[in-house]
Structures are given as C-alpha cells and as structure tokens.
2 protein chains.
Amino acid sequence: MKNPITGLNKIFDNRIRLGVMSVLMVNEEISFNDLKQLLEVTDGNLATHLVNLEENGFIKVHKGFIGRKTNTTYSITRQGEKSFSDHITALENMIKGVK
Amino acid sequence: MKNPITGLNKIFDNRIRLGVMSVLMVNEEISFNDLKQLLEVTDGNLATHLVNLEENGFIKVHKGFIGRKTNTTYSITRQGEKSFSDHITALENMIKGVK
DNA sequence: AAAAGCACTTTGTAATACAAAGTATGTGAA
DNA sequence: TTCACATACTTTGTATTACAAAGTGCTTTT
C-alpha cells in the first residue's frame, strides 16, 4: 500500500480556500460579496484567504464597478485550474482507494 | 448556487487524520508503525492525531503483541465509517459541482 | 452632513500542528 | 548483567494558521 495523501496540495487543505477554488472552477468570476455570503465567512477572514490564493498564483483580482459602486471580482488562473485539478485528482484517487 | 463546503467534517480537514481514516477504510487494522511509515510522519505527531480520532469516536485501539513485542493496532469504528463516508460524499458533491 | 456599503488592512488571540526530547516497558545482543 | 534498541507513547516548546473584531479610505445614498 502507498501513502494515500500524497499529491494533495497543502493550500487546499483549508476549507475556505477549497471553497473559493471550487466556486471559481464553475463560475467565470464572482464578487467579493457574493463569495462572502456563499461561504459564510467574515470579510477579514475571506480577504486573507483570497490574498493567499492570489500570492500563490491561483486566482486573479479585477477591480471594477457596477455603475459607480466599486465591485471587486475574482477569477481562476490557468495555474489555479491546473493545481486545483491535480488536487481533485489526488482526492479522487484517495477516495477510489477506500471504495 | 449553494455553499460547496457544507458537509465537510472539520476533523478531516487535516491531511494526516484524512490519511489515517482512508487507510482504515480499506484495512481491517493497521499497526502504529506501519501507519507511521505509510504516512511519513513523526511518531509524536501521529500519536496526537490518533488520540484526536479516538476521542472523537472514529477509531479504536487494540494493544496487543507480536510474540512478546508490544504491537498496537488501530481500526475504524461504526461511527468512524459513517462520518468518514459522509465526508467523502460531501467531497464528491463538491467535485461534482466543479466538473 | 451623516450614515452606510465595499473591500480591504491591522491587530490580537486562540487553535492547531509539529518536531524533538523525554518516558515506561520490554527485548536481544555482548 | 548491562547496554543498546524498539515500541508507543507523553510532554514540552515553538511556529504556523485561522479567525474575529476593529479600524481605514473611499464612495454613495439619504
């Protein structure tokens, strides 16, 4: 038998970062506020995880407007897609092992 | 859209505990040492996570012998199977969402 | 002019994770 | 019989992480 948890990405051990990534896999972009409500987190906490994901090159930020209100949105990067897919694959392999 | 990370069990956010559980889903029992080598962790760290899993009622401990050498093995409980299955289901649902 | 919203940053604290060292018990070798 | 070694921990100390709450700067709404 081999180590079932190799290939898991440490960045995605955290559930909020995991949540952000899986949302961004299926949504072209999402706003800060929508993300905050969806994941049910405080804004400070969310902001920290978003910075982390951005610094790791997994997401990118777009500062825009809705009318004249600021509206920040986030989207996934190529590298983010790749790294998250790899993580999902590792999870699936682990799950396959237990079934 | 709904929160993709609801249903995930916080105990299984940690990769070592996740690893222990997935090993115990497919092995009737495993010894402390085998687990340590398989998951590539220090014994102190592993022991801590095993205590955590035991206190949560997910695994049980059997202190036995091989010949006259002590041999501690671990196995999953009914509740552990249930909780871990639920976690896997939650993961699968999350993954389904991103595919 | 005041209050409120957005998207943060800063601050402080609590929880978590981990390595390393120490411990108790027993075994095998010299 | 004494010494080194193994098992399965526990203890200790530290580093990392996560989080809430409060503060900030800007803008918009009332």
Side-chain angles (χ1 to χ4, degrees), chain A residues 3-6 8-24 27 29-56 58-76 87, chain B residues 3-6 8-24 27 29-56 58-76 87:
Chain A
N3 190 342
I5 58 170
T6 47
L8 295 180
N9 190 322
K10 286 200 174 153
I11 302 293
F12 307 137
D13 279 354
N14 177 275
R15 54 173 52 219
I16 296 174
R17 292 193 296 266
L18 194 70
V20 170
M21 293 304 284
S22 59
V23 167
L24 289 182
N27 295 90
E29 57 174 16
I30 189 168
S31 72
F32 185 87
N33 258 322
D34 286 350
L35 214 39
K36 179 178 141 184
Q37 274 156 46
L38 187 58
L39 301 177
E40 298 162 84
V41 282
T42 55
D43 56 352
N45 193 10
L46 177 58
T48 306
H49 290 299
L50 288 171
V51 166
N52 179 314
L53 289 171
E54 203 203 339
E55 282 174 351
N56 279 285
F58 295 157
I59 64 171
K60 50 181 186 301
V61 184
H62 315 265
K63 276 148 199 296
F65 294 88
I66 288 184
R68 289 148 104 189
K69 262 188 175 170
T70 60
N71 181 260
T72 306
T73 62
Y74 300 86
S75 64
I76 202 165
H87 183 75
Chain B
N3 189 342
I5 57 171
T6 47
L8 295 180
N9 190 323
K10 283 196 178 160
I11 302 293
F12 306 137
D13 280 354
N14 178 275
R15 54 174 51 220
I16 296 174
R17 292 194 295 266
L18 194 70
V20 169
M21 293 303 285
S22 58
V23 167
L24 289 182
N27 295 89
E29 58 173 16
I30 188 168
S31 72
F32 184 86
N33 259 324
D34 286 350
L35 215 39
K36 179 178 142 186
Q37 273 155 47
L38 188 58
L39 300 177
E40 297 162 85
V41 282
T42 55
D43 56 352
N45 193 11
L46 178 59
T48 307
H49 290 299
L50 289 171
V51 166
N52 179 314
L53 289 171
E54 203 203 340
E55 283 175 350
N56 278 286
F58 295 156
I59 64 172
K60 52 181 185 299
V61 185
H62 314 263
K63 276 149 200 294
F65 294 87
I66 288 185
R68 290 148 102 187
K69 264 189 174 169
T70 60
N71 181 259
T72 306
T73 61
Y74 301 86
S75 63
I76 202 164
H87 182 76

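Residue numbering restarts at 1 for every chain, and letters A, B, ... go by the order of the sequence lines. Since the structure is predicted, the reported quantities are computational estimates derived from the model, not experimental observations.
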Next on the checklist: Any side-chain N or O of A:Asn45 below 4.0 angstrom from OP1/OP2 of D:dT17?
Outcome noted: no
Next on the checklist: Between A:Asn52 and A:Thr48 (side chain of the first, backbone of the second, donor and acceptor by atom type, cut-off under 3.5 Å), is there such a pair?
Outcome noted: no
Checklist outcome for this item: On DNA chain D, more 5' by nearest nucleotide between B:Ser31 and A:Arg15 is B:Ser31
Checklist entry - Under 30°, 30 to 60°, or over 60°: which ring-plane class applies to B:Phe12 and B:His87, parallel, tilted or perpendicular? => result perpendicular
Checklist outcome for this item: The reported gap from CD1 in B:Ile59 to CE in B:Met21 (rounded to nearest 0.5 angstrom) is 7.5 Å
Checklist entry - NA contact type, B:Ile16, heavy-atom cut-off 4.0 Å: base, sugar-phosphate, or nothing? => result sugar-phosphate
Checklist entry - For the pair made of CG in B:Leu39 and P in C:dC18, what is the distance, rounded to whole Å? => result 11 Å
Could you list, one pair per line, each protein nitrogen or oxygen that sits under 3.5 Å from a nitrogen or oxygen of nucleotides 26-30 of chain D, together with the distance?
| residue | atom | partner | partner atom | Å |
| --- | --- | --- | --- | --- |
| D:dT28 | OP1 | A:Arg68 | O | 3.2 |

Item to check | Spacing between A:Asp43 atom CG and C:dT9 atom P, to the nearest angstrom | outcome: 11 Å
Checklist outcome for this item: One should read off an interatomic distance between B:Ile76 CD1 and B:Phe58 CZ, to the nearest 0.5 angstrom, of 9.5 Å
Checklist outcome for this item: From NZ of A:Lys10 across to C1' of D:dA18 the rounded distance in Å is 17 Å
Checklist entry - What is the distance, rounded to the nearest whole Å, between atom CD of A:Gln37 and atom C1' of C:dC6? => result 12 Å
Checklist entry - If every non-hydrogen atom of A:Leu18 is compared with every non-hydrogen atom of B:Leu8, which pair is closest and at what distance? => result CD2-CD1, 3.9 Å
Checklist entry - Reckon B:Asn71 has a side-chain N or O less than 4.0 Å from the OP1 or OP2 of D:dA6? => result no
Checklist entry - D:dC9 P sits how many Å from B:Lys36 NZ, rounded? => result 12 Å
Next on the checklist: Should the side chain of A:Asn33 and the base of C:dC6 be counted as holding a donor-acceptor pair, with the cut-off at 3.5 Å?
Outcome noted: no
Checklist outcome for this item: Sorted by position of nearest nucleotide on DNA chain C, 5' first, the leading residue of B:Arg17 and A:Thr48 is A:Thr48
Item to check | Below 4.0 Å: OP1/OP2 of C:dC8 and any side-chain N or O of A:Tyr74 | outcome: yes
Next on the checklist: Of the options D:dC19, D:dA8, C:dA7, whose atoms approach the side-chain atoms of A:His49 most closely?
Outcome noted: D:dC19
Checklist entry - Counting side-chain heavy atoms from C-beta on, which of C:dA7, D:dT10, D:dA8 comes nearest to B:Val51? => result D:dT10
Next on the checklist: Pair B:Leu39, A:Asn3 - check side chain to side chain contact (heavy atoms under 4.5 Å, CB included), show working.
Outcome noted: CA-CA 5 Å; B:Leu39 300 177; A:Asn3 190 342; 3.8 Å; yes
Next on the checklist: Can you measure B:Phe32 atom CZ to C:dT25 atom C1' for me and round it to whole angstrom units?
Outcome noted: 15 Å
Next on the checklist: Is there a side chain to side chain contact (heavy atoms under 4.5 Å, CB included) between B:His49 and B:Val20? Walk through the geometry before answering.
Outcome noted: CA-CA 9 Å; B:His49 290 299; B:Val20 169; 5.6 Å; no
Checklist entry - Between A:Leu46 (CG) and C:dC6 (P), how many Å, whole number? => result 13 Å
Next on the checklist: Please check this pair: side chain of B:Asn9 against backbone of B:Ile11, looking for a donor-acceptor N/O pair closer than 3.5 Å.
Outcome noted: yes
Checklist outcome for this item: A:Leu53 CG to C:dC8 C1', in whole Å, measures 16 Å
Checklist entry - B:Thr42 side chain N/O closer than 4.0 Å to the phosphate oxygens (OP1, OP2) of C:dA19? => result yes
